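Structure record follows, encoded as structure tokens.
Whatever order the structure lists ligands and atoms in, that order sets their numbers, starting from 1. No experiment lies behind these values; they were computed from the predicted model shown.
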Amino acid sequence: MVVPSIKYQLFNMQDESVLAKGLVERIGLEGSVLTHQPAGKDKVVLNGDIKNHSIGIKMVLDALTHPDYGVISSMKEISAVGHRVVHGGEKFADSVLITPEVMKALEDCIEMAPLHNPPNILGINACAELMPGVPQVGVFDTAFHQTMPKHAFLYGLPYEAYEKYGLRRYGFHGTSHKYVSQRAAELMGQHMSNLRIITCHLGNGASIAAVKYGKSVDTSMGFTPLEGLVMGTRSGEIDPAIIPFLMKKEGMTADQIDTYLNKKSGVLGISGVSSDFRDIEEAAAAGNERAQLALDIFAYKVKKFIGGYVAAMGGVDAIVFTAGLGENSPSMRDKICNGLEYLGTRIDPVKNNIRGKAQEISVDGAKVKIFVIPTNEELVIARDTKAICASLV
Ligand code: ADP
């Protein structure tokens with residue numbers, strides 16, 4: 001059973017500082033817990049019988065206003081709430097103020113994101129109940145990619161499949177691709193409208209986007225986050241004929257195939273070691289051949305997508321690495337970029353030896369710049385929420 005957690009950050013938007021952040025886990029299960037981290041103070045772990053999202057959010061609000069480890073004196077200091085919503089379908093090309101019509105549209109998207117949208121709806125309803133009158137904003141993981149042209153987002157299926165079920169590429173990690181592409185432009189001292197940027201969000205879930213003149217024109221995840229790169233536990237792209245083959249050979253049901261492709265595949269399935277790249281890198285260094293193979297396959301896929309997106313954009317000015325692996329693994333970045341010299345770029349091994357810091361890592365004077373840029377999806381959500389609320393008054 002999937003138990004969605006609640007992740008939160010409280011921002012002071014006057015200076016964009018984070019006042020507190022935390023996580024509510026195991027909601028509805030035994031051992032449910034809130035981990036609350038007030039800025040500059042010790043972390044607090046609060047165990048409780050957190051039966052549902054409403055109770056979880058109430059605990060978060062209590063923690064934020066607590067006399068000892070709280071960071072605000074009253075809930076009234078919370079001006080707005082921004083929610084990360086995974087699937088906005090074709091209805092949302094930007095963040096929106098949540099209204100009853102928006103809630104209806106989110107419910108309509110449940111079929112496309114059965115794991116993610118229901119907990120989002122629960123979270124929004126819980127906040128509306130606990131903070132009546134406080135504006136709420138939805139920030140969609142799919143929104144940034146709504147600029148993709150039809151030839152990039154349609155599959156080679158009968159056109160009716162798109163009209164009837166909305167079967168098309170939507171793409172995910174949109175807030176991350178948007179944020180890191182904007183940061184890369186800032187670091188280059190240029191405007192997005194002059195740049196072609198390839199953003200590689202490499203975490204447990206992984207996707208790549210082609211951002212041409214500020215707009216996403218293609219991305220590797222599709223109708224769901226399963227498509228594209230080989231990931232921690234997801235297969236990424238495969239020949240679709242493998243699905244009926246396995247269903248027949250192994251007598252698998254549709255749900256079992258779904259679990260097989262989403263939870264048992266990827267670098268976990270290839271290596272047989274772990275879905276965590278740290279474990280795989282360690283095993284490969286100790287001579288485990290399948291761990292090495294998992295790393296080779298992962299890097300090769302990323303490299304092929306980079307090549308594809310250079311072709312899609314007619315060139316590239318910058319390549320950006322972000323998320324857990326992209327920000328923290330010099331060896332994976334090196335492996336991916338090794339062989340991109342034909343583009344006019346090369347990694348500088350000294351500059352590349354960093355973790356979790358925004359920095360250019362290509363050699364001095366490289367025609368195509370390579371960057372590491374830590375992503376910050378929460379900040380994008382907070383900024384969009386502030387902008388939408390400012391337009392209300
Ligand atoms: P998600 O948000 O998709 O769960 P993250 O962006 O937090 O994922 O990335 C998590 C992954 O990043 C981990 O599974 C791990 O494989 C990888 N990772 C994190 N730190 C390192 C590191 N120092 N070296 C190699 N891989 C790392």
- [ ] Indicate yes or no: at least one non-hydrogen side-chain atom of Val18 is less than 4.5 angstrom from one of Gln37.
- [x] no
Task: Within-4.5 Å side-chain heavy-atom neighbours: Met13 and Thr385 - done: no
Open item on the list: Do Val217 and Met148 have side chains that approach each other closer than 4.5 Å (heavy atoms only, starting at C-beta)?
Closed with: no
- [ ] Could you check if a side-chain atom of His177 sits within less than 4.5 angstrom of a side-chain atom of Ser207, using non-hydrogen atoms only?
- [x] yes
Open item on the list: Does the plane of the ring in His87 sit parallel, tilted or perpendicular to the ring in Phe172? Use 30° and 60° as the thresholds.
Closed with: perpendicular
Open item on the list: So if I only count non-hydrogen atoms and take anything under 4.0 Å from ligand 1, which residues does that give, chain by chain?
Closed with: Gly203, Asn204, Gly205, Asp276, Phe277, Arg278, Glu281, Ala323, Gly324, Leu325, Asn328, Ser329, Arg355
TODO: Is it possible for you to check whether Arg168 lies under 6.0 Å from the centre of the six-membered ring of Tyr162, through NZ or CZ, and within 45° of that ring's axis?
DONE: no
